[in-house]
Amino acid sequence: MEVAVSFLIMMWAAREAMNGGFHIIPNPLFIPMALFAGVVLVQISLHLTAYWYATWSKGLLWGGYAGLFFLTSQVLHRQRWISVFGRFCVGYGFLLSLFAIVQQFTSNGKIYWVVSNRYGGWIYGPYVNHAHYAGLMEMLVPFPLVFAIASRAGRPSRAFFLFAALVMCSTIFLSESLGGMIAFVIELAVLTLILFRNRSSAYREILLIGVLCIALVAWLAWLRPAGLVERFARLLNPIADAGATGRIAIVKDSLRMLRVHPILGWGLGTFPVVYPSFRSFFTNLWVNEAHNDYIQTLVETGIVGFAIAAAFLALLCREGIHNLKHWNRETRSSLELAAFLGCIGLLVHGFVDFNLQIPANAAFFFALSALVTTHSNNINANHELRRTRG
């Protein structure tokens, strides 16, 4: 991914040079991303990291995310390409969810029926961890859902988008990821709230969401996946759940780690290296992540890095809310709403899992963040500049 992003940036730079000069579309998230990169560079250059190579390697990976964010904000701005991107997300998510369902009910214990799971885990779809599959679907499901409720879509298109959303969101429940289920429910709640606040008459859209929920229950009842009812029961008593108690213990141990290096943390990517010295419980498993993206960011980059990350999220939410005014009349605004809902889902899931430590999910999250926060007035200015060059 790092090599591919570097190659694409070079292609973008060559195109800009051929057009007669560089014009960069600004984005409010560039500043917190640059500040966060500065924290990581300080950790590396001043050897303020528990394991220099881990921080260097993770820094390169996050540099790849930053490059992808930059490319998305610079390239994905024309109306036609934005529409193509939205429909690609629908098609990709729909096909991936169909594959996941087929693999689940014909599974031989291997990914793609070929790749063995050597280190344990809970396979679902192409992911070793079912929660990370749910994290990807949380970001993809809003696209067909928003397309389905948009008034400019015809009835056949609405029916297809609603069916695609049904199949995609059903795999979140079939994967049995409790964090994924909660995140998806919150996405629906936020979308319903947006419908109520932005339109005086949104009963048709609310009805479509209700139809989706009823169809989802009927679809899951017909499939009868083993273990799903038991997973729901664990939501009623989370304290008795071994996974929940383990996560709580990890959070408590992580706060002890923070007290040792509170300002700049232990170094980006060093959590699995440092944590064994602070672990308060016995296990024969390797605790590779904190199972909480916020706590892990706080431990690895300290209060300074966490404050910058919080500023990033605050700006993301501000821009996402600002873009809600015309979501039902403009294709770009509709896709910005879908991307914003996807970001909300992954951020909610981040309280109990580590999707942002998985490159596929983290890269897509930053691409959606760029889509949400790139301003239309800057895009229009860029269009005028290119027309003048022509």
Side-chain angles (χ1 to χ4, degrees), residues 1-2 4-5 8-9 12 24-37 39-40 58 61-77 81-82 85-86 88-89 92-93 132 135-143 146 183 186-187 190-191 194 268 293-294 296-297 301 305-324 327 332-351 353-379:
M1 188 196 72
E2 295 163 10
V5 169
L8 290 173
I9 289 177
W12 172 84
I24 297 177
I25 300 173
N27 188 294
L29 299 186
F30 285 163
I31 294 176
M33 293 181 74
L35 293 175
F36 192 85
V39 171
V40 177
K58 200 64 173 286
L61 182 60
W62 282 73
Y65 301 153
L68 185 60
F69 180 96
F70 176 81
L71 283 172
T72 304
S73 62
Q74 303 305 307
V75 175
L76 200 62
H77 56 78
W81 286 113
I82 294 171
F85 174 76
F88 168 80
C89 290
Y92 171 62
H132 302 148
L136 177 64
M137 278 299 147
E138 293 156 12
M139 293 185 285
L140 290 172
V141 166
F143 285 93
V146 170
I186 291 178
E187 285 179 340
V190 171
L191 179 58
I194 290 170
L268 187 68
D293 283 324
Y294 304 95
Q296 185 156 341
T297 301
T301 61
F306 184 81
I308 295 172
F312 177 96
L313 297 181
L315 290 172
L316 173 63
C317 292
R318 187 194 70 178
E319 298 301 319
I321 294 172
H322 175 75
N323 295 332
L324 297 178
W327 75 267
R332 179 177 182 86
S333 296
S334 297
L335 290 174
E336 287 173 347
L337 171 60
F340 184 48
L341 290 173
C343 292
I344 289 175
L346 197 74
L347 292 174
V348 170
H349 200 166
F351 283 101
D353 265 308
F354 52 98
N355 277 286
L356 289 179
Q357 312 303 322
I358 306 302
N361 292 7
F364 194 62
F365 170 81
F366 281 104
L368 294 185
S369 301
L371 183 61
V372 172
T373 55
T374 301
H375 294 295
S376 59
N377 58 336
N378 293 326
I379 294 169

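Below, each value reflects all heavy atoms present in this structure, side chains not excepted, and no hydrogens, waters or symmetry copies. One-based numbering along the sequence shown.
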> With rounding to the nearest 0.5 angstrom, report the OG to CD1 distance, S333 to I82.
9.5 Å

> Let's go through I25 and S73 carefully: what are the C-alpha distance in whole Å and the side-chain angles of both, what is the deciding distance for side chain to side chain contact (heavy atoms under 4.5 Å, CB included) to 0.1 Å, and is it a yes or a no?
CA-CA 7 Å; I25 300 173; S73 62; 5.9 Å; no

> To check you understand the geometry: which heavy-atom pair defines the closest contact between V348 and A183, and what is its length?
CG1-CA, 4.1 Å

> Check side-chain contact (heavy atoms from CB on, under 4.5 Å) between V5 and all other residues, then give those that pass, not counting sequence neighbours.
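Scan of V5 (side-chain contact (heavy atoms from CB on, under 4.5 Å), adjacent residues dropped) gives M1, I9, L68, L71.
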
> Please test F69 against T373 for side chain to side chain contact (heavy atoms under 4.5 Å, CB included), starting from the C-alpha separation and ending with a verdict.
CA-CA 10 Å; F69 180 96; T373 55; 3.9 Å; yes

> Using the test ring pair (Phe, Tyr, Trp, His ring centres under 6.0 Å), find all partners of F354 that sit at least two apart in sequence or belong to another chain.
H132, H291

> Would you compute the distance between atom CG of L341 and atom CD1 of I186 and round it to the nearest 0.5 angstrom?
12.0 Å

> Could you check F364 against L140 for side chain to side chain contact (heavy atoms under 4.5 Å, CB included), going step by step and ending with a plain yes or no?
CA-CA 10 Å; F364 194 62; L140 290 172; 3.7 Å; yes

> Between T374 (side chain only) and L371 (backbone N and O only), is there a donor and an acceptor less than 3.5 Å apart?
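No; zero donor-acceptor contacts below 3.5 Å.
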
> Going from CG on L335 to SG on C89, what distance comes out if it is rounded to the nearest 0.5 angstrom?
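Answer for the CG-SG pair, L335 versus C89, is 8.0 Å.
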
> Just so I know, are the side chains of L337 and L324 near enough to count as touching, which here means a heavy-atom distance under 4.5 Å?
yes

> As an exercise, state the distance from OG1 of T297 to CD1 of I308, rounded to the nearest 0.5 Å.
11.5 Å

> Please lay out, stage by stage, how M139 and E187 fare under the test side chain to side chain contact (heavy atoms under 4.5 Å, CB included).
CA-CA 10 Å; M139 293 185 285; E187 285 179 340; over 6 Å; no

> With distance as the sole test, does D353 use its side chain to make a donor-acceptor pair with the main-chain N or O of N355 at under 3.5 Å?
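No; zero donor-acceptor contacts below 3.5 Å.
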
> Taking Y294 for the side chain and A310 for the main chain, is one N or O donor matched with an acceptor at less than 3.5 Å?
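Side chain of Y294 to backbone of A310, a donor-acceptor pair under 3.5 Å: no, none is there.
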
> Please name the pair of heavy atoms, one in E138 and one in H349, separated by the smallest distance, quoted to 0.1 Å.
OE2-ND1, 2.6 Å

> Fit a plane to each ring of F88 and Y92, take the angle between them on a 0 to 90° scale, and name the class: parallel (under 30°), tilted (30 to 60°) or perpendicular (over 60°).
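The arrangement is parallel - the two ring planes meet at less than 30°.
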
> Looking at every non-hydrogen atom in both residues, tell me the closest pair between L76 and R332 and how far apart they are.
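In terms of heavy atoms, the two residues are closest at O-NH1, 3.8 Å.
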
> For F143 and L368, which heavy atoms make the closest approach, and how far apart are they?
CZ-CD2, 3.7 Å

> Students often mix this up, so state it plainly: with edges at 30° and 60°, are the rings of F70 and W12 parallel, tilted or perpendicular?
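Because their plane-to-plane angle is over 60°, the rings of F70 and W12 count as perpendicular.
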
> Could you measure the distance from the CG atom of L29 to the CD atom of E319? Nearest 0.5 Å is fine.
7.5 Å

> Write down the atom of F340, the atom of V372, and the distance for their closest heavy-atom approach.
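Closest approach of F340 to V372: N-CG2, 3.5 Å.
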
> Give me the ring orientation class for F36 and W62: parallel if the planes are under 30° apart, tilted from 30 to 60°, perpendicular past 60°.
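Tilted: the ring planes of F36 and W62 meet at 30° to 60°.
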
> Show the nearest heavy-atom pair for residues L346 and L356, with the distance to one decimal.
CD2-CD2, 3.8 Å

